[in-house]
> 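Below you will find the structure I want to go over with you.
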Amino acid sequence: MESEQLFHRGYYRNSYNSITSASSDEELLDGAGVIMDFQTSEDDNLLDGDASIGTHYTMTNGGTINSSTHLLDLLDEPIPGVGTYDDFHTIDWVREKCKDRERHRRINSKKKESAWEMTKSLYDAWSGWLVVTLTGLASGALAGLIDIAADWMTDLKEGICLSALWFNHEQCCWGSNETTFEERDKCPQWKTWAELIIGQAEGPGSYIMNYIMYIFWALSFAFLAVSLVKVFAPYACGSGIPEIKTILSGFIIRGYLGKWTLMIKTITLVLAVASGLSLGKEGPLVHVACCCGNIFSYLFPKYSTNEAKKREVLSAASAAGVSVAFGAPIGGVLFSLEEVSYYFPLKTLWRSFFAALVAAFVLRSINPFGNSRLVLFYVEYHTPWYLFELLPFILLGVFGGLWGAFFIRANIAWCRRRKSTKFGKYPVLEVIIVAAITAVIAFPNPYTRLNTSELIKELFTDCGPLESSSLCDYRNDMNASKIVDDIPDRPAGTGVYSAIWQLCLALIFKIIMTVFTFGIKVPSGLFIPSMLAYYHHDWFIFKEWCEVGADCITPGLYAMVGAAACLGGVTRMTVSLVVIVFELTGGLEYIVPLMAAVMTSKWVGDAFGREGIYEAHIRLNGYPFLDAKEEFTHTTLAADVMRPRRSDPPLAVLTQDNMTVEDIENLINETSYNGFPVIMSKESQRLVGFALRRDLTIAIESARKKQEGIVGSSRVCFAQHTPSLPAESPRPLKLRSILDMSPFTVTDHTPMEIVVDIFRKLGLRQCLVTHNGRLLGIITKKDILRHTAQTANQDPASIMFN
């Protein structure tokens, strides 16, 4: 946080010693019908919505406890449920940071007492590096497993290797001596389904049988994937990056990063990619890596008991995920910093770098593609680019921005229609329909039939003597006086024109199908489909600008720049995207074209709307996410946003020493608020602190069980000293220890621009509004989101907390 001195403002730290976590993100969400209803369980809905006892989180940071008194000290021993967060609630970054500082101070004070305490101190200091090391190892291993399995299952749709069933098509023909240069993918060991079933390798019957088997396997894989997601882990669907951004901002989604989600996501990601759907595995790999980071964080108390510290591990894990997805460790670190992380201190930068390094090293050791590279479509370009090429690069950026704006609007419109119609109630049927349409249309076109990574490789790779692709079908002049190997000196053959025609059809097909595929209930990434969105053979356009025989245009470079422009238009990434693509190609000299295309695509996309696809899905799902990239330009004041409004009932408050246990219980039962400001008296309205609903419930229940004499008429005291009571009165209950003595406050004349900035930078859940020290109202994160929607002429009820 930027203003760390604010963490010291009056937080009494004695009560943190007993806080333990009672639940974890590893809890399994059983059943198929998980409904995320933020309207009824959102924590910062402190003044409206439905709340029930025990359904909202609490975090204690109360005051010092008077040990000389005979009153009940509630936090002498841990109380189950205190100090943890419930599902769909936001963490309090300020208190979590304060709690971690107290833990660190306690360890440092004890480390000189004995060798054991010194060992514990060293273990605590190194636990951060250990957890990111384990995360990197697991991420790299799982990425290698997913790559190998997806390649094998993709080829399974076309045939099988009889000599070794576990080999894919390419591996099956490696050891064959009967392959030719022109037909290097044909060997006796590899049998198509037509050869196995009807005994024909060529002809109409063979084509129809292969067509039928291709559709059969595609539908089987898609059905199995969506069924596993629906039954075992509903959170395993989708890309996962919008939810991870929300979680890293401080939101709790139980089970989203748990072990069941990890296992089902890994399996179904392989199935979804193998089914041929227009999606990529790169986005979900970030989700898989974050699941690994979350699970390993529970091995270390430093992270398992502190949600803010855990998010530092998740930031490093997201960097490892991009590292193995693109073979770009540095790009992964920048992706975590630019795109997903909410709080990114310097030590998290170092650990993210280390996690990405370990993950890339493990994946390189596995070598899943057999090319000694981290990705299948790694390419190297050595031809320099020329200044006149900046114009087509910028045009590619314009196309990428237009494509990004179209894709975001079309996909969000379809997803909103899915939510609002009966069609969304049948996710299995939707996946089957999309998979069937994709398979039927994809099979006749060899470029749409290819595995996504193989298609990228085909488009990125430059033509050379060893390439047998139809894109490199140039004529050879057999009567020439010398053998010409340079592509520029040879005219294009029929294969080039046929390939360009097929690629145009593939472009239209991918554009349409990706809109309908992203968001269905299987793991669906976005990176690679966006990278397919442009390819053009530009040699003919620029041939007058080059010297005769000079290879001055690199078609693969245009495919790469167009891919980066389209991905930038969809996600609005800039720096991290350029570095990712640069690491893919290994060429420093192409940074300027990439930067020009990516920045142009962002500018063009922003002209139609500033939201990227992930922010749009966050808003569509109603997650309480305050985007740091957005600017608040309206001139409203805190008094205009706070509640209660003039037409609302008065603010429900507690007094510091005038209420009984029964009064507080009645207030809890009669209201749905998640927290109550504590004031000195109804007359003065001077603010004392803030007490959360669940704190009060747990404390009163615990006092009734453990302390005799606590009854409904017992006086509840939040003050430092108990007021004098008649001798016959029942035993009072002192609850100062659960009181937040330093709630964040602003005056009623504070500009909302500053209030929004405070919420973003300090991670607040609520803020109290005062005037000359007298309590006026309260502002929550939900109030800010609702106000932001209203100022943008949007209906908050229709877009938030769905």
Side-chain angles (χ1 to χ4, degrees), residues 1-4 7 91 93-94 96-97 100-101 104 124-140 143 241 244-250 257 282 285-294 296-297 300 302-303 306-363 374 571-584 591 595 598 614 627-629 760-763:
M1 303 299 174
E2 291 188 8
S3 304
E4 290 202 359
F7 292 131
I91 71 170
W93 289 88
V94 176
E96 293 289 287
K97 187 73 174 177
D100 180 66
R101 201 180 285 118
H104 190 262
D124 180 80
W126 278 94
S127 60
W129 295 101
L130 288 174
V131 70
V132 297
T133 302
L134 293 172
T135 301
L137 291 171
S139 302
I241 294 180
I244 287 169
K245 286 190 68 168
T246 308
I247 289 172
L248 288 177
S249 73
L257 301 176
E282 283 67 24
L285 278 175
V286 177
H287 188 184
V288 168
C290 286
C291 288
C292 295
N294 178 69
F296 285 123
S297 68
F300 304 90
K302 177 179 179 180
Y303 297 101
N306 193 299
E307 293 290 344
K309 295 293 291 181
K310 188 186 297 179
R311 274 146 182 79
E312 296 178 14
V313 176
L314 298 182
S315 293
S318 63
V322 175
S323 173
V324 294
F326 291 100
I330 298 176
V333 176
L334 292 174
F335 171 82
S336 179
L337 173 62
E338 178 184 4
E339 186 64 21
V340 297
S341 293
Y342 199 81
Y343 173 54
F344 204 82
L346 190 59
K347 59 184 175 182
T348 302
L349 177 70
W350 301 332
R351 288 171 181 165
S352 300
F353 182 79
F354 187 68
L357 164 68
V358 172
F361 174 78
V362 172
L363 186 62
L374 296 178
T571 64
R572 308 296 161 83
M573 294 191 299
T574 52
V575 180
S576 56
L577 178 58
V578 169
V579 174
I580 286 172
V581 181
F582 147 63
E583 289 187 84
L584 272 177
I591 282 206
M595 293 173 68
V598 169
Y614 302 129
D627 194 353
K629 300 174 186 175
R760 284 174 180 163
K761 294 178 178 178
L762 292 183

> Given the rule in the side chain to side chain contact (heavy atoms under 4.5 Å, CB included) test, do Ile330 and Phe353 qualify, once you have shown the distances and angles that lead to the verdict?
CA-CA 7 Å; Ile330 298 176; Phe353 182 79; 4.3 Å; yes
> Determine the minimum heavy-atom distance between Ser576 and Leu334, stating which atoms define it.
CB-C, 3.6 Å
> Between Tyr303 and Phe300, how do the two ring planes meet: parallel, tilted or perpendicular, split at 30° and 60°?
perpendicular
> Got a second to check how far Glu282's CD is from Leu285's CG, nearest 0.5 Å?
6.5 Å
> With no hydrogens and no angle check, is any side-chain donor or acceptor of Arg311 less than 3.5 Å from a backbone partner on Ser249?
no
> Report the distance from atom CG of Leu248 to atom NZ of Lys310, rounding to the nearest 0.5 Å.
12.0 Å
> Evaluate the criterion side chain to side chain contact (heavy atoms under 4.5 Å, CB included) for residue pair Tyr614 and Arg572; output intermediate values, then yes/no.
CA-CA 9 Å; Tyr614 302 129; Arg572 308 296 161 83; over 6 Å; no
> Find the distance between CG (Asp100) and NZ (Lys309) and round it off to the nearest 0.5 Å.
4.5 Å
> Looking at Val324 and Ala360, what are the two nearest heavy atoms and their distance?
CG1-N, 4.3 Å
> Output the distance between atom OH (Tyr342) and atom NZ (Lys761), rounded to the nearest 0.5 Å.
10.5 Å
> Looking at every non-hydrogen atom in both residues, tell me the closest pair between Thr574 and Val598 and how far apart they are.
CA-CG1, 3.7 Å
> Side chains of Glu339 and Lys245: does their closest heavy-atom pair fall under 4.5 Å?
yes
> If we check side chain to side chain donor-acceptor pair (under 3.5 Å) with Ser336, which of these qualifies: Ser341, Ser323, Ser352?
Ser341
> Pick one: which of Met595, Met573, Glu583 meets side-chain contact (heavy atoms from CB on, under 4.5 Å) with Val578?
Met595
> Between the main-chain N or O of Asn294 and the side-chain N or O of Ser297, is there a donor-acceptor pair closer than 3.5 Å?
yes
> Looking only at non-hydrogen atoms, find the nearest pair between Ser315 and Ser318 and report the distance.
O-OG, 2.7 Å
> Return the CG to CH2 distance between Leu134 and Trp129, rounded to the nearest 0.5 Å.
14.0 Å
> Would you sort out whether Phe335 and Ile241 count as a side chain to side chain contact (heavy atoms under 4.5 Å, CB included), showing the intermediate values?
CA-CA 11 Å; Phe335 171 82; Ile241 294 180; 4.0 Å; yes
> Determine the minimum heavy-atom distance between Cys290 and Ala317, stating which atoms define it.
CA-CB, 3.7 Å
> Could you report the tightest heavy-atom contact between His287 and Leu257, atom names first, then the distance?
CD2-CD2, 3.8 Å
> What's the separation between atom CD1 in Ile247 and atom CD in Glu307, rounded to the nearest 0.5 Å?
10.0 Å
> Side chain of Thr348, backbone of Phe344: donor and acceptor closer than 3.5 Å?
no
